[in-house]
Amino acid sequence: MEKTASEKIKLGIFVISGLTLFVLVVYFIGNKQKMFGSTDHLTAVFSNVNGLQLGNNVRYSGINIGTVRGIEMINDTTINVDMIIDKSMFPHIKKNALASIGSDGLVGSMVINIAPGKGNQPHIEAGDIIQSSGRVRTDDLLNTLSVTNKNAALLTADLLKITKEITQGKGSLGTLLNDTIMASDLKQTMNYLKMTSKGTTEIVDNLNKTVMALGDKNSVIGVLNDPATAQKIRTIVVNLDQSSQEINKVVTNLNATITNAKNGNGAINYLSNDPNLVKKIDSTMTNLNKATILLNEDLEAMKHSFLLRGYFKKQEKAKKKAN
């Protein structure tokens, strides 16, 4: 059956639309994979690619800058990964940048992350090889968590055992916690320590007050700190020193006199060793006492005499006025 012109037109439009859609899809996919842009090769060396596949993205500081174009196994510890990188990003990547393999989200495909290098390093060139850092694998994390869980279980068992023994009053800590007498003694000791601390605080306060009072001019230390007072004390000390020297001289002379008296030299020895002279001196002193008594009696009689009574009264009045 021969097709009509309208059917041919519809078929042509459908074919053209399909081709156009195909071209657009190829363009967008190629643009995303850096197939049509200005790109160049860059190599990273890994010991384990962790499931990395061709076409996975390459990111620099979180920005998609290229894709994985080849994975080559060099030996059992070295794998070269060829990357297609946008040329405009080469001036921003330094030679000491580090490449690592990660996942795009929790369950996404693998990606290569390039971390910026530090310091003033030159930028990479096309075909350069950058260093890589190892990725912590999930298996390693699970193994580490398994060991940690075992250690935590052992630690928990030991803690339960220790807690049980403490509760039952075993060991020093259990005895301390369950012994009421020891607890009472400890409480009393703490009270004594508190009282001692309070007394110590009061003593320190009083000591601080005493030390502050030493600077007062009215205190003993304050007076001693006065330059004028210090000079007076210095003068007194010098005078006492001179007086001490004079007293020493007098004592020396007195000792010499006593020595002479003991040795029979001088007037003192003569007066003390002559019995007759001593008797005469005693008789003379007795007569002087008697004469003094008689003289006092005569003076008293003269006071009562009518001839001299007026004179003595005037003398008494004059003494009273003077006083």
Side-chain angles (χ1 to χ4, degrees), residues 12-149 151-152:
I13 293 173
F14 176 77
V15 172
I16 293 172
S17 299
L19 290 174
T20 303
L21 180 62
F22 176 75
V23 171
L24 290 174
V25 170
V26 171
Y27 173 78
F28 284 115
I29 293 175
N31 187 46
K32 184 178 181 182
Q33 298 296 325
K34 304 297 180 181
M35 295 176 63
F36 306 113
S38 179
T39 60
D40 218 326
H41 291 270
L42 189 65
T43 303
V45 180
F46 296 95
S47 61
N48 191 333
V49 294
N50 297 308
L52 186 69
Q53 297 179 0
L54 298 178
N56 288 151
N57 290 326
V58 179
R59 293 176 180 174
Y60 178 73
S61 297
I63 301 173
N64 290 331
I65 61 172
T67 57
V68 176
R69 274 291 173 264
I71 299 175
E72 181 182 2
M73 188 78 176
I74 304 300
N75 53 45
D76 58 346
T77 58
T78 304
I79 301 174
N80 286 346
V81 177
D82 184 27
M83 299 174 289
I84 296 296
I85 306 297
D86 188 352
K87 280 188 176 182
S88 63
M89 298 303 298
F90 275 73
H92 303 289
I93 304 175
K94 298 178 181 179
K95 288 186 177 294
N96 60 348
L98 291 177
S100 62
I101 298 176
S103 59
D104 190 5
L106 294 176
V107 293
S109 60
M110 307 304 293
V111 296
I112 294 180
N113 292 310
I114 299 178
K118 296 181 180 179
N120 295 324
Q121 295 289 329
H123 61 81
I124 60 174
E125 302 290 342
D128 283 348
I129 298 176
I130 62 175
Q131 299 298 320
S132 63
S133 60
R135 178 177 180 266
V136 180
R137 295 181 298 177
T138 306
D139 293 340
D140 296 334
L141 291 175
L142 293 176
N143 292 332
T144 304
L145 288 175
S146 178
V147 174
T148 303
N149 289 334
N151 294 333

Side chains of [X] and [Y]: closer than 4.5 Å at any heavy-atom pair?
{"X": "I112", "Y": "N57", "value": "no"}
{"X": "I85", "Y": "T39", "value": "no"}
{"X": "T67", "Y": "L54", "value": "no"}
{"X": "V68", "Y": "V81", "value": "yes"}
{"X": "I79", "Y": "I74", "value": "no"}
{"X": "P116", "Y": "S61", "value": "yes"}
{"X": "I129", "Y": "V45", "value": "yes"}

[atom1]-[atom2] distance between [X] and [Y], expressed to the nearest 0.5 angstrom:
{"X": "K94", "Y": "N120", "atom1": "NZ", "atom2": "CG", "answer": "6.0 Å"}
{"X": "M110", "Y": "N50", "atom1": "CE", "atom2": "CG", "answer": "5.5 Å"}
{"X": "M83", "Y": "D40", "atom1": "CE", "atom2": "CG", "answer": "12.0 Å"}
{"X": "H92", "Y": "D86", "atom1": "NE2", "atom2": "CG", "answer": "9.5 Å"}
{"X": "N48", "Y": "I101", "atom1": "CG", "atom2": "CD1", "answer": "7.0 Å"}

Verdict with supporting geometry, R59 and N64, side-chain hydrogen bond (donor to acceptor under 3.5 Å, both in side chains): CA-CA 4 Å; R59 293 176 180 174; N64 290 331; 2.9 Å; yes
Listed partners of D82 passing side-chain hydrogen bond (donor to acceptor under 3.5 Å, both in side chains), at least two apart: H41
Where do [X] and [Y] come nearest, in terms of heavy atoms and distance?
{"X": "S103", "Y": "V111", "value": "C-CG2, 4.4 Å"}
{"X": "S100", "Y": "F46", "value": "CA-CE2, 4.1 Å"}
{"X": "Y60", "Y": "A115", "value": "CE1-C, 4.4 Å"}
{"X": "R69", "Y": "I84", "value": "CG-CG1, 2.7 Å"}
{"X": "A97", "Y": "I114", "value": "CB-CG2, 3.9 Å"}
{"X": "H123", "Y": "K95", "value": "O-CE, 3.7 Å"}

If we ignore hydrogens and angles and just use 3.5 Å, is the side chain of N151 paired with the main-chain N or O of T148 as donor and acceptor? no
Whether T20 side chain and I16 backbone form a donor-acceptor pair below 3.5 Å: yes
Count the heavy atoms belonging to other residues, nucleotides or ligands that lie under 6.0 Å from CD of Q131, then report whether that count exceeds 12. no
